[in-house]
Amino acid sequence: MDYWSDIDLAESLTLVPNEEEMSLLFMDGTGHGNSVAGLIAAKDNGEGITGVNPDAEIYSIRVLDNNNCSPVSRIIEGIYMAIERKVDIINMSFGVSTYSAALEQAVKDAEKAGILMVAAAGNVGDKGVQYPAAFDEVIAVGSVDKEGNLASDSSMGEQVELVAPGELVMSTGDFGDVKVASGTSLAAPQVAGIASLLWQKDTELPAAFIRQVLTESANCYGEHDKYGSGLLDAEYAVKYYDTLKRQYKKSNDVDTLDIPENTGKIVTFDETNCVEGNWSLSKYSKNHESMIPSKFSNVKKGARFPDEKTDKDGKDARGTQLYVFQGMEHNPWWHGYFRLMNAGKGKKLSNYVTAYIYETRLANQMQTKTTASIPRGMQKDISNEIKNDISKINWSKQFGTNITNGKKRAFIWGMAIHSLSDAFAHSTTDGLGERITHDNDRADNPSYYSLRWNCAVEAVTLALNNYSSSIYQSGTYNEFSPVKKQSQFKLINIYEYIKENGGSSVANTYKTKSVSKKVTDNK
């Protein structure tokens, strides 16, 4: 999932190759992770949706790539990483039809560590429940529609344990907006969320007890190989939680727990508050297909791009491989990074404020076909570097044959937003005035000077308002203003950079939040 103020993110890790430097703000490449995490833990703050348990603490371990695929070995690595972090619940919204002994061993080790595992049963209908959901140690979750009927492609089999809503489910999208999607991937996190809601009542109870509460309280109807023990019912689970807890304390045996069978009337919905459109929903439609994508999906694609290892760009003096866009030292104008440029020509620092503004102007130029003016304070050789980089983008690789000027504009706006937000990661100082670096994973640690990331989120929100403007508003130095609202950290050269672009009067309001750096810092 992406770092966003709407969800409590404890840690973010990626196991996907070549994404080691991916920004926390743009970690989710497809929207799949955000939608899963949002259903579990999105806060009740008037933004987007509210998750099942807003108090849940999320550990994001990225195993699926930009095609929502992963080798089994990476799934196994992710499970062991979760075990190391002593998580309580692992939600796995993915599946594979082929059995793996190594995957089963990882699942057994997670159970031995006291972890409750929840997984999507799969979207392959009568072809059976997929792994890891098919393992006995895992709660396999199927999907129902708004009337409580099994979704046409929800996997069936004796391993199905519970069902939950999974058709046209609204959840968290890109940059805090909402999206609508379908599949057992959306059903599983609702079970995981309710499990966390119950478990936080008494964390000393074992995972087996929570699992039994979920199955005992489920609304029982339909055939077992389709609905398992029934439809997830949070209200019934909470109602009988204390009764089941007393029974367990007395017997110390989850198999003896017993409450009245839940045969209440299924709550159905006439409206789902979304437009279904004319998507092809065949019996075995593509897994995790978005019904209504985020309106910022192409901006998000561009925002991830500078951290993806794309075309090679030679090697530096130390033999380190360089890339056209990646690397804050090699491409400071795409990573919000201050750096001494052209040491023999006046020793000018690259200005991340003007770089962001110019990039947004170049983005708008894609749509308006007007010439993007160079901002005050920007060196011409740096503006040429930025334009030259954009000329190297392989648009067919990004959008196939469906290339439009609007998509290009969105993509480059995303790249500019990456530069804006990276300033809060790569050009910040701690309380002692020392630059926060990648040493010991500080720069991309969400808990290290956490207000950096909250400010970055606010900055991105301001930028998106400009992007969405009907008059093709470009970026401004105002997007850096969130730094003025906090006292935890400072931005390097922000006073000098805004002074170059906006004049002394505006820059003075940033003066106390700025630290001056006159030399290169390549750490």
Requested in this report: Given side-chain contact (heavy atoms from CB on, under 4.5 Å), test L420 with F480 step by step and report yes or no.
Outcome: CA-CA 8 Å; L420 165 68; F480 295 88; 3.5 Å; yes
Report task. Walk me through it: do D109 and Y80 pass the test side chain to side chain donor-acceptor pair (under 3.5 Å)? Result -> CA-CA 8 Å; D109 288 342; Y80 281 112; 2.5 Å; yes
Query raised in the report: Which residue, F411, W334, F26, F424, forms the ring-ring contact (aromatic ring centres under 6.0 Å, His included) with H418?
Result: F26
Query raised in the report: Please walk me through it: do L39 and I49 pass side-chain contact (heavy atoms from CB on, under 4.5 Å)?
Result: CA-CA 8 Å; L39 287 171; I49 69 159; 4.2 Å; yes
Report task. Can you see which heavy atom on S93 is nearest to which on A120, and at what distance? Result -> CA-CB, 4.1 Å
Query raised in the report: Sub-3.5 Å donor-acceptor pair from the side chain of S229 to the main-chain atoms of L162, do we have one?
Result: no
Query raised in the report: What pair of heavy atoms forms the shortest contact from V138 to A119, and how long is it?
Result: CG1-CB, 3.6 Å
**Report entry** Audit row: L491, K513, side-chain contact (heavy atoms from CB on, under 4.5 Å) steps and yes/no
**Finding:** CA-CA 6 Å; L491 280 176; K513 304 302 179 182; over 6 Å; no
Query raised in the report: Going from NZ on K226 to OG on S154, what distance comes out if it is rounded to the nearest 0.5 angstrom?
Result: 10.5 Å
Query raised in the report: What distance separates Y59 OH from K86 NZ, expressed to the nearest 0.5 Å?
Result: 10.5 Å
**Report entry** Shortest non-hydrogen contact between K179 and S35, atoms and distance
**Finding:** CD-CB, 4.4 Å
Query - Ring center gap for Y356 and Y352 short of 6.0 angstrom - result: no
Query raised in the report: Is I61 close to L15 at the side-chain level, that is, under 4.5 Å between some pair of heavy atoms?
Result: yes
Report task. State the OG-CD distance between S152 and E167, to the nearest 0.5 angstrom. Result -> 6.0 Å
**Report entry** V87 vs I115 side-chain heavy atoms within contact, under 4.5 Å
**Finding:** yes
Query raised in the report: Step by step, would you call N34 with D174 a side-chain contact (heavy atoms from CB on, under 4.5 Å)?
Result: CA-CA 7 Å; N34 287 338; D174 296 328; 3.9 Å; yes
Requested in this report: Report the C-alpha separation of N68 and T30 in whole Å, then their side-chain angles, then the decisive distance to 0.1 Å, and conclude whether the side chain to side chain donor-acceptor pair (under 3.5 Å) test is met.
Outcome: CA-CA 7 Å; N68 276 336; T30 63; 3.0 Å; yes
**Report entry** Crowding at CD, Q200 (>12 non-hydrogen neighbours, <6.0 Å)
**Finding:** yes
**Report entry** The single option from L214, I89, N91 passing side chain to side chain contact (heavy atoms under 4.5 Å, CB included) against I139
**Finding:** L214
Query raised in the report: Between E111 and K108, does at least one N-O distance fall below 4.0 Å, as a salt bridge requires?
Result: no
Requested in this report: Give the ring-plane orientation class for W453 versus Y3, where under 30° counts as parallel, over 60° as perpendicular and anything between as tilted.
Outcome: tilted
Query raised in the report: Do other residues, nucleotides or ligands put more than 12 heavy atoms under 6.0 Å from E20 CD?
Result: yes
Report task. Would you check if E21 and H335 make a side-chain contact, meaning some heavy-atom pair closer than 4.5 Å? Result -> no
**Report entry** side chain to side chain donor-acceptor pair (under 3.5 Å) between S143 and T184, intermediate numbers included
**Finding:** CA-CA 5 Å; S143 166; T184 55; over 6 Å; no
Query raised in the report: Any side-chain heavy atom of V160 sitting closer than 4.5 Å to one from H224?
Result: no
Requested in this report: Mind checking side-chain contact (heavy atoms from CB on, under 4.5 Å) for A56 and listing every partner two or more places apart, or none if nothing turns up?
Outcome: I40, A41, N53, S196
Report task. Please answer whether the main-chain N or O of G166 pairs with a side-chain N or O of D145 as donor and acceptor at a distance below 3.5 Å. Result -> no
**Report entry** Check against ring-ring contact (aromatic ring centres under 6.0 Å, His included), F489 and Y449
**Finding:** CA-CA 7 Å; F489 68 92; Y449 286 81; 7.5 Å; no
Report summary line: In short, L462 meets S481 closest at the heavy-atom pair CD1-OG, 4.0 Å
Query raised in the report: Parallel, tilted or perpendicular for F135 and Y99, by the 30°/60° rule?
Result: perpendicular
Query raised in the report: Does G148 offer a backbone N or O that forms a donor-acceptor pair with the side chain of Y221 under 3.5 Å?
Result: yes
Query raised in the report: Do Q247 and T256 have side chains that get closer than 4.5 Å, going by heavy atoms?
Result: no
Query raised in the report: Quick one: does N123's side chain have a donor or acceptor within less than 3.5 Å of a partner on G183's backbone?
Result: no
Requested in this report: Answer with yes or no whether the side chains of S217 and D233 bring together a donor and an acceptor at under 3.5 Å.
Outcome: no
Query raised in the report: Is there side-chain contact between L198 and Y241, with heavy atoms separated by less than 4.5 Å?
Result: yes
Query raised in the report: Do H32 and L64 touch side chain to side chain, with heavy atoms closer than 4.5 Å?
Result: yes
Query raised in the report: Counting distance only, does the side-chain N/O of Y227 pair as donor-acceptor with the main-chain N or O of L150 below 3.5 Å?
Result: yes
Query raised in the report: Under 3.5 Å, is there a donor-acceptor pair between the side chain of Q486 and the main chain of Q488?
Result: yes
Query - Rounded distance (nearest 0.5 Å) linking atom CH2 of W413 with atom OG of S468 - result: 8.5 Å
Query raised in the report: If you look at every heavy atom in A188 and V118, which pair is closest and at what distance?
Result: O-CG1, 3.5 Å
Report task. Please name the pair of heavy atoms, one in I194 and one in A234, separated by the smallest distance, quoted to 0.1 Å. Result -> CD1-CB, 3.3 Å
Query - N-O pairing of D2 and K300 below 4.0 Å - result: yes
Query raised in the report: Does any N or O in the side chain of D307 come within less than 3.5 Å of the main-chain N or O of S23, such that one atom is a donor and the other an acceptor?
Result: yes
Query raised in the report: Are any side-chain N or O atoms of R74 and backbone N or O atoms of V63, one a donor and one an acceptor, separated by less than 3.5 Å?
Result: yes
Query - Under 3.5 Å: donor-acceptor pair, side chain of Q190, backbone of L186 - result: yes
Query raised in the report: Could you give the distance from OG (S12) to CE (M1), rounded to the nearest 0.5 Å?
Result: 7.5 Å
Requested in this report: Determine, for K245 against D202, whether the closest basic-nitrogen to carboxylate-oxygen distance falls under 4.0 angstrom.
Outcome: yes
Query - Distance, nearest 0.5 Å, that separates CD of E216 from CZ of R211 - result: 13.0 Å
Query raised in the report: Is any side-chain heavy atom of D242 closer than 4.5 Å to a side-chain heavy atom of R246?
Result: yes
Query - Result of checking V16, N66, N18 against E308 for side chain to side chain contact (heavy atoms under 4.5 Å, CB included) - result: N66
Requested in this report: Using the side chain to side chain donor-acceptor pair (under 3.5 Å) rule, take Q130 and S97 through it: C-alpha gap first, then chi angles, then the decisive distance, then the call.
Outcome: CA-CA 5 Å; Q130 296 184 309; S97 297; 3.3 Å; yes
Query - Any donor-acceptor N/O pair, R452 side chain to T428 backbone, under 3.5 Å - result: no
